S.K.: 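Got a structure for you, questions after.
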Amino acid sequence: VRMLIAIAAIISVATSTTVDSTVLSQGNRGFVDTQSFYNRLPSAADGVVRSAVWSLSLSPAGQYVQFVTNTSKLNINMTITNSNIDMWHFPSTGVSGFDIYVFDPSTQHWRWLATPRPAYPHTVLGVDTSVVTHDSNTMALVRCHLPTYNGVARLEFTVDSNAVIKEDPNFQQLAPVVWYGTSILQGAVASRPGQAATNVLTRRLNRTILNFGFSGNGIMETTVAEFLVALPASVFVIDCNPNMQGPQITENAVPLVKYIRSHGHADIPIVLVEGPTYGEAWVAHSIRDSQAAKRQALSQAYAELAKEDENIYYVNGSQFYNHAADNYTDPTVGGTHPSDLGMYANVAVHEPLLARLIAQSPRADTVFHSVNFSATSSAPRTPARRSEPAAPVKEWIVTPEPTPAVQAGQTVHMRDLELHGRGFNISGPDDFFTRLPPQAEGVVREKVWGLSEFSTGLFLRFSTDATSITFNWDLAQKGASLWHMPLSSTTGLDLYAWDTVTAHWRHVGVPIAYAKDNNTWTVNVDPVASPDTVRAFMLYLPLRNTLVNGSVTVSADATFHPDGNSDPAPAFATPPIVWYGTSIQQGGVASRPGHEYDAFISRGVQREVINLGFAGNGVMEISVAEFLVQLPAAAIVIDCLPNMNTAEVANRTIPLVNYIRQHGHPDTPIVLVEGSPIAPYHLYGNRGAGDLLSKAKALKVAYDSLVSGGDSHLHYVTAPQLLPDPLVNPTVGGVHPSDLGQKKMADFWVGFFGALL
């Protein structure tokens, strides 16, 4: 029967063969009796679980399709169900995209190959698979991770007419890790599906992991557990704390575990997870106290259960992030939802524990097939819609509450605050927060000028002892995300404060306000340590928009300093690092302004970085250098290769360096950069690298020529130095680094500049 279905699903035409995904191998799919093929709960759950849980279960978070093929060209066509393809802090690639990986026998690792630009209702992607198939005799093992939040109505793969595409003949799943949790588990806010924690773990552990994350609605309900217990789990993970309050955890945790135990899982490991510390908890006692109460409630539940249950385990929230080992980096967008950087931090905590528990599980070697729930004895006999409980506490897909009205008190215009990251003294009515002086208009190309009007890399410093701070601001244009870059980055603000205890700049928060005019955001923080001190703040400006006007308001009795002269944070060293580059330099595709790698670098070396990144237009032009050379610089970085071809690199590098040397910078360190590696060429060695490798070669030839000509202050940085792990692709579409790549590159540069300067 299966063969007949497969044959019926194949449509052959003169030049290609199209296969419906449902006839291929299905990974991390818990149930077969679902209303739509890629739903996560069985049809029987409709009317038993709450309506919000049911709606969220219609997305295929954590699932993948696997197959083998020898095609040289793979086309994917996915029909999604929801026209809302992205969220304010979550790019469309993460919400609604798919992710193609290929198994590399030489390293025994799954390696990224391609990610599409999502569109509604049809997302289409063509992939050159010759980089992995080589010829028609080579069969590639391919995995397609499905969207985290959008539904999939149909998914088709098209291959060459003479090629084969079929189920993975060696496909086998073992008893799954059944993971019940929140929006974080469901995938928020990974840059693409393959970077969601459960998908990273399923590749690394080679284990089935069933993702039952329900955004804002993971609240330890037995109505959900009625269906989860039908699955032959090797391990259960309960990871619901972010959506709950202490009393609710006290009420639900123990009954949930006992329900699982009494329904076929008497000796299966169960893990209770506190979840990471909220990013703003260090500076906001209300958040800190609320999370402490949640953790205490879960810890008490664990202690009660552990008296009689030797297979119960606990993951403390302090193990995740916000600690000294990673410089107190908060790898989230708004304090809660991890970007790729946070996803990998979470994986680092869960992976060793899960590997150990799977190995010791009674079902460690049990083969798993997706379950037909309606045929199990545990199926509820008379489904009835339960009454809806109160809304969960930590909802995240929400329309934000109106911000409280601006408090009466003292107001300071943002133009009067200490401004950093701006190289030129610009004071016009519309260009105060831009990057090139008015004189550049008409000299640089029009596209460069337009990109220079963005506030990329600019930040404000001030200090105050106020416990409530209100920001008001207008933008040059209404907020707009890019397909791989969320609003929180393109248009958002990003607030940091100096922590005198750890001596680090630490994240405070980001607003959910992206109108063109009259944006308002109020931040509440703890009182300062003593009446005679103030707290230092840094406010990063949008990466792909322009701040036009803004103000900061505090109470009338608060102390407020519009600069960094009176605050406890160290001053930034001068002169700045001046960086000429591309869209990567301009922030693509950090999740928020404070996670753009220049921002990481400036905090790490305590020195300003002047960001002259021009998306798609960083091409080593003398017309840009005319203004760049006017800036005093501790170092000048030329990082333009991603926007250039080989001939341009060969013809422009030496003249650009010589121009800089002849115009005020004879001894300034100049750094030539190959740029971050572009996957999949970086991941698959030299095969198919083509122009990428020739550009790097041309740059190195120019560097060698300049050095042999007597330039002793020239430096060279290779691509692998920036992203040294060839097995992890920390970009979204192969070019633009997510937070994971931004931080990895920044870590290199902090060490580099620490030694150079």
Side-chain angles (χ1 to χ4, degrees), residues 419-426 434-440 443-445 448-449 451-452 456-458 572-582 584-586 597-598 601-602 605-614 617-641 643-644 648-675 698-718 721 748-757:
L419 177 60
H420 292 260
R422 188 185 70 175
F424 301 94
N425 186 19
I426 307 166
T434 60
R435 295 180 293 146
L436 286 178
Q439 294 82 0
V443 177
V444 300
R445 286 183 298 112
V448 173
W449 174 252
L451 291 163
S452 79
T456 312
L458 275 59
F572 284 95
T574 57
I577 299 164
V578 177
W579 211 302
Y580 178 26
T582 66
I584 298 172
Q585 177 65 22
Q586 201 171 349
Y597 71 98
D598 280 358
I601 294 168
S602 67
V605 300
Q606 288 296 307
R607 185 182 293 268
E608 286 187 54
V609 176
I610 305 300
N611 186 317
L612 297 178
F614 304 111
N617 288 275
V619 291
M620 297 191 190
E621 294 177 287
I622 299 298
S623 58
V624 174
E626 288 182 29
F627 300 95
L628 182 155
V629 295
Q630 298 176 27
L631 300 169
I636 296 172
V637 183
I638 301 172
D639 190 4
C640 296
L641 255 63
N643 287 168
M644 303 176 71
E648 288 172 334
V649 175
N651 294 330
R652 296 184 182 184
T653 303
I654 293 175
L656 178 65
V657 172
N658 286 337
Y659 183 90
I660 295 171
R661 289 288 182 232
Q662 294 162 9
H663 290 80
H665 297 276
D667 302 321
T668 302
I670 296 177
V671 187
L672 301 180
V673 187
E674 289 183 355
L699 187 70
K700 186 61 164 59
V701 168
Y703 167 80
D704 289 340
S705 176
L706 288 161
V707 171
S708 64
D711 194 331
S712 60
H713 299 283
L714 199 62
H715 304 267
Y716 194 87
V717 171
T718 66
Q721 287 178 276
F748 165 80
W749 285 114
V750 168
F752 178 89
F753 287 122
L756 179 66
L757 304 179

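The model shown is predicted, which means the values in this text are computed figures rather than measured ones.
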S.K.: With rounding to the nearest 0.5 angstrom, report the CG to CG distance, Asp704 to Leu714.
M.R.: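 Answer rounded to 0.5 Å: 9.5 Å.
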S.K.: Do the side chains of Arg661 and His713 get nearer than 4.5 Å, heavy atoms only?
M.R.: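 Yes, their side chains come closer than 4.5 Å.
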S.K.: Between Asn643 and Val619, is there a donor-acceptor pair closer than 3.5 Å when you use the side chain of the first and the backbone of the second?
M.R.: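 Flag not set: sc Asn643 to bb Val619 has no pair under 3.5 Å.
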S.K.: What pairs with Arg607 under salt bridge (Lys or Arg N to Asp or Glu O under 4.0 Å), at least two apart in sequence or on another chain?
M.R.: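 With neighbours one apart ignored, the set is empty.
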S.K.: What do the steps show when you test Trp579 against Ile601 for side chain to side chain contact (heavy atoms under 4.5 Å, CB included), and what is the final call?
M.R.: CA-CA 12 Å; Trp579 211 302; Ile601 294 168; 3.8 Å; yes
S.K.: Write down the atom of Ser602, the atom of Val609, and the distance for their closest heavy-atom approach.
M.R.: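 Between these two residues, the closest heavy atoms are CB-CG2, 4.3 Å.
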S.K.: Compare all side-chain heavy atoms of Val443 with those of Phe627 and state whether any distance is below 4.5 angstrom.
M.R.: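 They are in contact (side-chain heavy atoms under 4.5 Å apart), so the answer is yes.
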S.K.: Kindly write out the residues that satisfy side-chain contact (heavy atoms from CB on, under 4.5 Å) with Pro669, not counting sequence neighbours, or none if the list is empty.
M.R.: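 Per chain and number, Pro669 pairs via side-chain contact (heavy atoms from CB on, under 4.5 Å) with Ala635, His715, Leu756.
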S.K.: Less than 4.5 Å apart, any side-chain heavy atom of Ile584 and any of Tyr597?
M.R.: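 A side-chain contact exists here, since the closest heavy-atom pair is under 4.5 Å.
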S.K.: For Val701, is there any backbone N or O sitting under 3.5 Å from a side-chain donor or acceptor partner on Ser705?
M.R.: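 No; zero donor-acceptor contacts below 3.5 Å.
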S.K.: For the pair Phe614 and Tyr580, name the ring-plane relationship: parallel under 30°, tilted 30 to 60°, perpendicular over 60°.
M.R.: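 The rings of Phe614 and Tyr580 stand perpendicular, inter-plane angle above 60°.
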S.K.: Is there a donor-acceptor contact under 3.5 Å from the side chain of Ser452 to the main chain of Trp449?
M.R.: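 Yes.
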S.K.: Determine whether Val657 and Leu672 make a side-chain contact, defined as any pair of heavy atoms from C-beta on separated by less than 4.5 Å.
M.R.: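 With C-beta onward as the side chain, the pair touches.
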S.K.: Where do Gly618 and Cys640 come nearest, in terms of heavy atoms and distance?
M.R.: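 Answer, listing the atom of Gly618 first, then Cys640: O-CB, 3.1 Å.
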S.K.: Would you say that Leu699 contacts Val673 through its side chain, given a criterion of any heavy-atom pair below 4.5 Å between the two side chains?
M.R.: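 Leu699 does not reach Val673 side chain to side chain.
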S.K.: For the CZ atom of Phe424 and the CD1 atom of Ile610, what is their distance to the nearest 0.5 Å?
M.R.: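 CD1 of Ile610 is found 8.5 Å from CZ of Phe424.
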S.K.: Mind checking the CG-OG1 spacing from Asp598 to Thr456? Nearest 0.5 Å is all I need.
M.R.: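 One finds 9.5 Å between CG of Asp598 and OG1 of Thr456.
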S.K.: Got a second to check how far Met620's CE is from Asn651's CG, nearest 0.5 Å?
M.R.: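 It comes to 11.0 Å.
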S.K.: Applying side chain to side chain contact (heavy atoms under 4.5 Å, CB included) to Leu458 and Arg435, what does each step give before you reach the verdict?
M.R.: CA-CA 8 Å; Leu458 275 59; Arg435 295 180 293 146; 4.0 Å; yes
S.K.: Do Ile670 and His665 have side chains that get closer than 4.5 Å, going by heavy atoms?
M.R.: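 Heavy-atom side-chain distance check fails, nothing below 4.5 Å.
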S.K.: Run the side chain to side chain contact (heavy atoms under 4.5 Å, CB included) test on Arg445 and Asn617 for me, step by step, so that the C-alpha distance in whole Å, both residues' side-chain angles and the decisive distance to 0.1 Å come before the verdict.
M.R.: CA-CA 9 Å; Arg445 286 183 298 112; Asn617 288 275; 2.9 Å; yes
S.K.: Quick check for you: to the nearest 0.5 Å, what is the distance between Arg652 atom CZ and Ile622 atom CD1?
M.R.: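 Here the rounded value is 9.5 Å.
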S.K.: Work out which heavy atom in Ala633 is nearest to a heavy atom in Pro575; give both atom names and the distance.
M.R.: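 Looking at all heavy atoms of both residues, the shortest contact is C-CG, 3.6 Å.
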S.K.: For the residue pair Phe752 and Trp749, does the interplanar ring angle fall in the parallel (under 30°), tilted (30 to 60°) or perpendicular (over 60°) class?
M.R.: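 Aromatic pair Phe752/Trp749 classed perpendicular.
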S.K.: If I take atom CG from residue Leu706 and atom OG from residue Ser712, how far apart are they, to the nearest 0.5 angstrom?
M.R.: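 Leu706 atom CG to Ser712 atom OG measures 12.0 Å (nearest 0.5 Å).
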S.K.: Sort out for me which residue in Leu656, Ile660, Ile654 forms a side chain to side chain contact (heavy atoms under 4.5 Å, CB included) with Asn658.
M.R.: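 Single side chain to side chain contact (heavy atoms under 4.5 Å, CB included) partner of Asn658 among Leu656, Ile660, Ile654: Ile654.
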S.K.: Set out, in order, the CA-CA distance, both residues' side-chain angles and the distance that settles side chain to side chain contact (heavy atoms under 4.5 Å, CB included) for Leu757 and Ile577, then state yes or no.
M.R.: CA-CA 10 Å; Leu757 304 179; Ile577 299 164; 4.1 Å; yes
S.K.: For the side chain of Asn611 and the backbone of Gly421, is there at least one donor-acceptor N/O pair under 3.5 Å apart?
M.R.: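 Such a contact is absent between Asn611 side chain and Gly421 backbone.
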